[in-house]
Every structure is written in C-alpha cells, then in structure tokens.
Amino acid sequence: LPECSLSRSLLDACPYAFTLDGQARITATGAYFPPGPDGPVGKEFCQVFSPRDREMNEVIAAFARSGEPPSPTAHKRLEIDLNGSDDIVLIGSLLPLSDGGLLFLGTLSPSLIGNLDKLKLTLSDFAPFDVLPDFAMMAQINHAVLVDTQMLNKDLSEARDHAVQARREIEIVAMRDDLTGLGNRAAFQRMANEISASVSAVSDSQVHMLLVDLNRFKPINDHFGHHVGDQLLTQIGQKLTDHVCENGHAFRLGGDEFAVLYRGIDYPSAFENASALVRSVNGTYATNETTLVASASGGFASLPRDADDFTSLYKAADIALYSAKKTTDAALICVSRSLIQEAVERDQLETELGMAVDIGQLSNAYQLQFDIDTGLIAGAEALARWHNPRRGAQVPPAEFIPIAESACIVPQIDLFVLEEAMRQSSLWRSQNIALPVSVNLSPVTLEMPGLTGRILQFLDKQAVDPSAIEFEITENAIIRDCEAVKANLSHMDRLGLNIAIDDFGAGQTSLSHLAALPVTRLKLDRCLITDIGSSERKQHVVRSLIELAGDLDLKVTVEGIETQAEADFIQAIGGVTAQGFLFARPKSAPELDPYLLAAAPHGRKPAANITSDRFQAAG
Ligand code: C2E
Ligand code: MG
Ligand code: MG
C-alpha cells in the first residue's frame, strides 16, 4: 500500500492512532478522537497532549523545531495523559513516516480496562488486535499491524474464522496417529479428561476400556526391520477400525499398544466387541517383504465395576493385559479382584526387592550336581534366596526373579549371587573342597555394559580361577539377538569362563544358535525328563539331544531328576551330569559343609552306582 493509505488504514484500524506533520501538528486521528473543530486535528501536539515523560516532551518539541524525526531509540514509547486525567493514558509508539511526519500508534493503558464504562468504550474497541493491550504486547501489535497491512482491510471476523479453522485442522493432525490413522495418545488423553469430567458429574455412566498389545512384536521388528513392523501395525490399525463398534473409539498409544474406549454401551456388549477385536488381529499379514503371523493379547476393565476413576480404570485394564500376556490359553482377560490383589502384592514386592540386597535379605543356596557315571560331585548351582520378613517366609525365585527383571533390579541380584558364590568357592577351596560353581545370569544382566569388568573384579578379589565358574543363561537371552549380549558372551568366552544354556528344551530352542555361540554346556530342562518312562517320544528326544550335544562338543546336565526311573534312564545313556531333588535339594553353604567335608578326597563323593539311597545323603 502507498504510505498515505497505509497510515489511513492504520488510523481506521486503531482508534487511538494519530499522525503528526513535520511541525508536530496533528494531521489525522483514529476514531476515538472527536472530529471537527472540537477534535485535535490541526492543533499542535503540545496544545492537546501532555506526554508523561519529560524526555519524550523534549523529543516532540525538538521534532517541532527541526522537523527531524526522532532517533529510533527516542521514539520507542510514548505515554500521553488524556483529558487532563492522570488515569487515562494512551500508550504507543511513534513511528516515522516517509513524508517527514510521525505516526503514533497507540492503545489505552491496561489500568483502564476495568474502567471502560467511564470512557464509554466497549471491549470491541480493541477488536482490531484481538488482544487486551498490555505493555509486552505493544511491540507485537505495532509490528504485526505494520507488516500485515493487507489484513487491515479484510473483514476481521473472516480472519478469525480462518484462524479457528486452521487451529481445528492442526488439532486433528496432532490427535491422529500417522501410521494407522487412529487417535493417538494425545487423543486418548483428551477423551480420558472428558470421561473424568463426566464421570464425576454422572455417577452411573458406564465406560469400558480394552488395552491390546501384540504378541512378540519386538522380535518381528528386530528381525525384519521397522519398515515391516510399521506395515504390520498399519494393517492391524485397519482391522481395529473395521471391527470396532459405533460406541467404541480406537487409539494407538504407541509401539504395538492399542486401546479402545467404550461409552454409552453396557458391559456385555462392550466385552463382546472387545473379544471380536482381539480375535480379529489374529491371522496372517502380507507385507512387501514377507508374510507374518500375528496375534494379540487384551486386557479389559470397566468403570464403575472395576475402578472408581479413569486412572484406576487404565491400571485395571493394564493388570488384565499383563495377565493375558502371561497366559497362553486366553487372548483376552477381564480384570478381577484377585488380579488386582496380585498386582498390588507384586508392586509391594518390587518395592521391597529394591532394598533386599542392601539390607541383607538375600542369600545363596547351592544345589549339588553329580556325574551320573561315577557318582562324584561335579559341581553346585548357586540359587538366590530371599527372606521377606513381611511374608515371614522365603519368596521363591520363580516369583521374584520375573519382578526383578521387569523392574531392572535383576543385575543387582545376579551380581550379589555371583560375588557371594565366588566368596564361598574361595572359602571351600581353602578347606580343600574343589567345587565348580554355576551362577544364573538373567538376559537383562547379560545386556549390562561393563558386566565382564565386574566379573573380573570379583574373580581377582577372591583369587578364583575362571574355569571354576560357569554362567547359566537362558535361551531368551540368546534369541533377543542383542549386540550387547553378544559382546558380553564373547568377552566372557575369551576370559575362559564357561557358559551353559539353562532350561534347554523349555523355550524357543534354536539349534542354530548352539553352533554359533561360545557355549560349553546344555542344561536339559526338567520338562524333558519328567515321566520319561511313560513317553517313548520323550526318551527319543532326550537321547537325540544328548547325542547332538556330544557331536557339538557340549557337556550336558540333566535337570530336575526326581525319581529313580528318571535317574536310571539317564544313567543308561551316561556321560552327563545330573541335578535333581532325587540327589540333592538346594541347601545353604553351612548346611552343605559337613557333607562336603566328609566326602573324600577334596570334597568329592567316591564313585558309586547311582541309586537314590547313595545320593540322599547329600540332602
Ligand atoms: P534354574 O536355574 O533352572 O534352577 C533350577 C531350579 O530347579 C531351582 O529352582 C531348583 O530348586 C529347581 N530344581 C532342581 N531340581 C529339581 C527337581 O528335581 N524338581 C523340581 N521340581 N525342581 C528342581 P529355584 O531355586 O526355585 O529357582 C528357579 C529359577 O529361578 C531358576 O531356575 C533360575 O531360572 C531362577 N534363579 C534362581 N536364582 C537365580 C539368580 O541368582 N539369578 C537369576 N537370574 N535367576 C535365578
Ligand atoms: Mg540355572
Ligand atoms: Mg534350569
């Protein structure tokens, strides 16, 4: 716009604006000032206004004398008393115009906002700026008006409509998950807030929540790459969209976690839809690279049936999901009182476990292992024991190790057991008892950077030979295919430490891993040996595994031998180590000492035919 129409537009837009010519005479004003002979136009600035600031007064007087516009620093801000009244003040900036004049772009002082009646103004007088004036905003207002001059001639309500529409569009994008087109976590949270507000207002409102999590999604992602994982998630999002009922809203909360919120629908109907959704996920999915089989687990909870508010509803659905992930025979589980109780106990154990090592509640038990051919003691497995005073009893490792793993406190426990086992091994050696000791390492511990450094420290401190220590790792650690695990394992191998695969045959055994990894022993899981007499297939499997291990130059321990028949079967094959309640239960070191010291020589039991009688002496 040419400058004259620019200043005219500004004067139209800003009721408190006016312009001065080179002699500081008022040439035009905004709508606030009275027009005609009563108005300020044509009069000198100093006749009409009194700037509050003495310096500013001089700036204007100098301008009137010389016609030179004030320097950029001088014309920053001008405060003017109006109507001779102290509390009516115009605040604004003086801006030089190219014709040598000045433009005062002003607004009312903030202190007047509460007194608008007095001035017979309404808030709409401020509409051009859509803000209430304050000092901080002045610069922005002037800046915006000067830059965006086009806007001045536009209908402001149209501009506001545009802004509202743009905000709506931004909001829609911000609330949508890019991959699946479902609502994202922010959208879920927004609905949660709405529900929380309505739940307190309408006490009998029914809300149900389904949480869905894919089974074994991480291995798919790790193995085939994220682009394949993303294609799978997109298709699963589509399935949820297709199958969700009209009272349900589906969201992707992140990763492979989905949620559905149901409102205005009864419990059986919501549950029926939730079951259908979880079932709908099961199936095969074609991606660009490969075809995948996927399945999901679901947790379901309802408000007010299972929870008082939205936060506890989410927790309840999560508890049910946790339970569904653990069970293999149910894809969808509804939360129950006992599940909630279990979760509370688990939380409590987690807190207590965090302190257990430090306050000396952990100790080691040792279960002896025997050479099945000679009957000699072949070694001992160190097993963690936790005495929990609140329970007044020991918590079994099968209960606390998984809690420790999920809470990432298991490395602390494993390292305690390891250090203690080395201390004990060194003590036994000083008593002429040479007993190889094996220690369990959780997959979480195996990922720990600096693990081998800690192991070396312990070995040095107790002067223990690395060949006297064996580490038991589970197949889970191996199938994670994690670089940190591989690095630790190969470092341990270089240090001459023995590595055994524990519970072999109970999980997703991959024989290909055996050849590739620095493993020295297989520990066959109890499930392979239990009731072996009644299953020819099992007998065949165990025989073949022992043979295969021999071919791969791996030693074998058979775990969980409880009956004489099982022992006889293993002894007939021969060449392995045996561990089981039939021979010895886990005992504390002081309980084992008399037995070990009596066994001759060097703590070894003399060779004998294997019978339960002979081994019961070990406990
Ligand atoms: P595991 O490493 O396979 O240890 C053998 C488990 O089988 C021990 O259970 C032992 O008491 C039990 N067992 C031995 N012989 C028999 C038998 O004839 N019949 C039956 N039914 N069970 C037998 P425990 O001590 O309850 O430990 C269970 C699991 O907890 C261990 O299985 C191991 O996976 C884990 N665990 C124990 N201590 C530690 C530890 O210090 N660190 C880690 N990461 N895991 C540990
Ligand atoms: Mg073990
Ligand atoms: Mg085992």
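Throughout, numbering of the chain's residues begins at 1 and tracks the sequence. For clarity, every value in this text was computed on a predicted model and none was experimentally measured. All values below were derived from every heavy atom in this structure, side-chain atoms included, with hydrogens, water molecules and symmetry-related copies excluded.
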Give a yes or no answer on whether the side chain of S302 reaches the backbone of R305 with a donor-acceptor pair at less than 3.5 Å. no
Measure from NZ or CZ of R185 to the centre of the six-membered ring of F251 and say whether it is under 6.0 Å with the direction within 45° of the ring axis. no
Mark yes when over 12 heavy atoms from residues, nucleotides or ligands other than R337 sit less than 6.0 Å from its CZ; otherwise mark no. no
Polar side-chain atom of D503 near backbone of E475 as donor-acceptor pair, under 3.5 Å: no
More than 12 heavy atoms of other residues, nucleotides or ligands under 6.0 Å from CG of D553: yes or no? no
With a 4.5 Å limit on heavy-atom distance, are the side chains of L489 and F471 in contact? no
Shortest non-hydrogen pair, L232 vs A294, comes out as CD1-CB, 4.1 Å
For the backbone of L528 and the side chain of D525, can you confirm whether one donor and one acceptor N or O come within less than 3.5 Å of each other? no
Can you tell if the side chain of T287 reaches within under 4.5 Å of the side chain of T290, non-hydrogen atoms only? yes
Here the pair of heavy atoms bringing L582 nearest to A567 is CD2-CB, 3.6 Å
Within the side chain of K315, is there an N or O that forms a donor-acceptor pair under 3.5 Å with the backbone of I340? no
Close side-chain approach of L596 and W428, heavy atoms under 4.5 Å: yes
Calculate, to the nearest 0.5 Å, the distance between atoms CD1 and CG belonging to I469 and L495 respectively. 12.5 Å
Does the ring of Y322 carry R346 above it, NZ/CZ under 6.0 angstrom from centre and within 45° of its axis? yes
Answer yes or no: is there a donor N or O on one side and an acceptor on the other, between the side chain of Y595 and the main chain of E591, under 3.5 Å? no
List in chain and number order the residues that pass side-chain contact (heavy atoms from CB on, under 4.5 Å) with A384, two or more places apart in sequence or in another chain; answer none if no residue qualifies. F400, I413, V417
Roughly how far, to the nearest 0.5 Å, is CD of Q424 from CD of Q462? 10.0 Å
Is it true that R390 and E352 have a side-chain N and a carboxylate O under 4.0 angstrom from each other? yes
Quick one: which residue pairs count as a side-chain hydrogen bond (donor to acceptor under 3.5 Å, both in side chains) with a foot in residues 271-284, not counting sequence neighbours? Y262-N273
When rounded to the nearest 0.5 angstrom, what is the spacing between CG in L415 and CD in E420? 13.0 Å
Euclidean distance, I561 CD1 relative to Q369 CD, rounded to 0.5 Å: 11.0 Å
Nearest heavy-atom contact between A584 and Q367 is O-NE2, 3.0 Å
Please list, one pair per line, the donor and acceptor atoms closer than 3.5 Å that link side chains of residues 437-445 to other protein atoms, with sequence neighbours excluded.
| from | atom 1 | to | atom 2 | distance (Å) |
| --- | --- | --- | --- | --- |
| S438 | OG | E472 | OE2 | 3.0 |
| N440 | ND2 | E381 | OE2 | 2.9 |
| N440 | ND2 | A382 | O | 3.4 |
| S442 | OG | E405 | OE2 | 3.0 |
| S442 | OG | V444 | N | 3.0 |
| T445 | OG1 | D414 | OD2 | 2.7 |

Using salt bridge (Lys or Arg N to Asp or Glu O under 4.0 Å) as the criterion, list what pairs up with R391, not counting sequence neighbours. E345, E399
I want to check something: taking the side chain as every heavy atom from C-beta on, are F188 and R252 in contact at a cut-off of under 4.5 Å? no
side-chain contact (heavy atoms from CB on, under 4.5 Å) filter on K325, not counting sequence neighbours, yields D213, N215, S297, L321
With no hydrogens and no angle check, is any side-chain donor or acceptor of Q235 less than 3.5 Å from a backbone partner on A286? yes
Using 0.5 Å steps for rounding, measure from the CG atom of L303 to the CG atom of D309. 7.5 Å
Do side-chain atoms of N498 reach the backbone of T520 as a donor and acceptor pair under 3.5 angstrom? no
Using a strict 4.0 Å threshold on nitrogen-to-oxygen distance, state whether R216 and D222 make a salt bridge. no
Under the salt bridge (Lys or Arg N to Asp or Glu O under 4.0 Å) test, which residues partner R429, sequence neighbours left out? none
Between E257 and L253 (side chain of the first, backbone of the second, donor and acceptor by atom type, cut-off under 3.5 Å), is there such a pair? no
Grab the two heavy atoms, one from A324 and one from A331, that are nearest each other, plus how far apart they are. CB-O, 3.9 Å
Can you find a heavy atom in the side chain of R521 that is under 4.5 Å from one in the side chain of I501? no
Are the side chains of L435 and L368 in touch, meaning some heavy atoms are under 4.5 Å apart? yes
Ring pair (Phe, Tyr, Trp, His ring centres under 6.0 Å) assessment of F271 paired with F300: CA-CA 8 Å; F271 182 70; F300 188 83; 5.3 Å; yes
Quick check: do I570 and E566 have side-chain heavy atoms less than 4.5 Å from each other? no
Can S534 and D531 be said to form a side-chain hydrogen bond (donor to acceptor under 3.5 Å, both in side chains), step by step? CA-CA 6 Å; S534 58; D531 281 340; 4.9 Å; no
Under 3.5 Å, is there a donor-acceptor pair between the side chain of Q539 and the main chain of I532? yes
Might you work through the side-chain contact (heavy atoms from CB on, under 4.5 Å) test for F258 and L210, ending with a clear yes or no? CA-CA 8 Å; F258 296 86; L210 165 70; over 6 Å; no
Report the distance from atom CD1 of I401 to atom CH2 of W386, rounding to the nearest 0.5 Å. 10.5 Å
Between E559 and R526, does at least one N-O distance fall below 4.0 Å, as a salt bridge requires? no
For P586 and L383 the tightest heavy-atom approach is CG-CD1, 3.8 Å
So does A421 get a backbone contact from the side chain of S425, meaning a donor-acceptor N/O pair under 3.5 Å? no
Of all heavy-atom pairs between S426 and V464, which one has the smallest distance, and what is that distance? CB-CG2, 4.3 Å
Would you check if L522 and I546 make a side-chain contact, meaning some heavy-atom pair closer than 4.5 Å? no
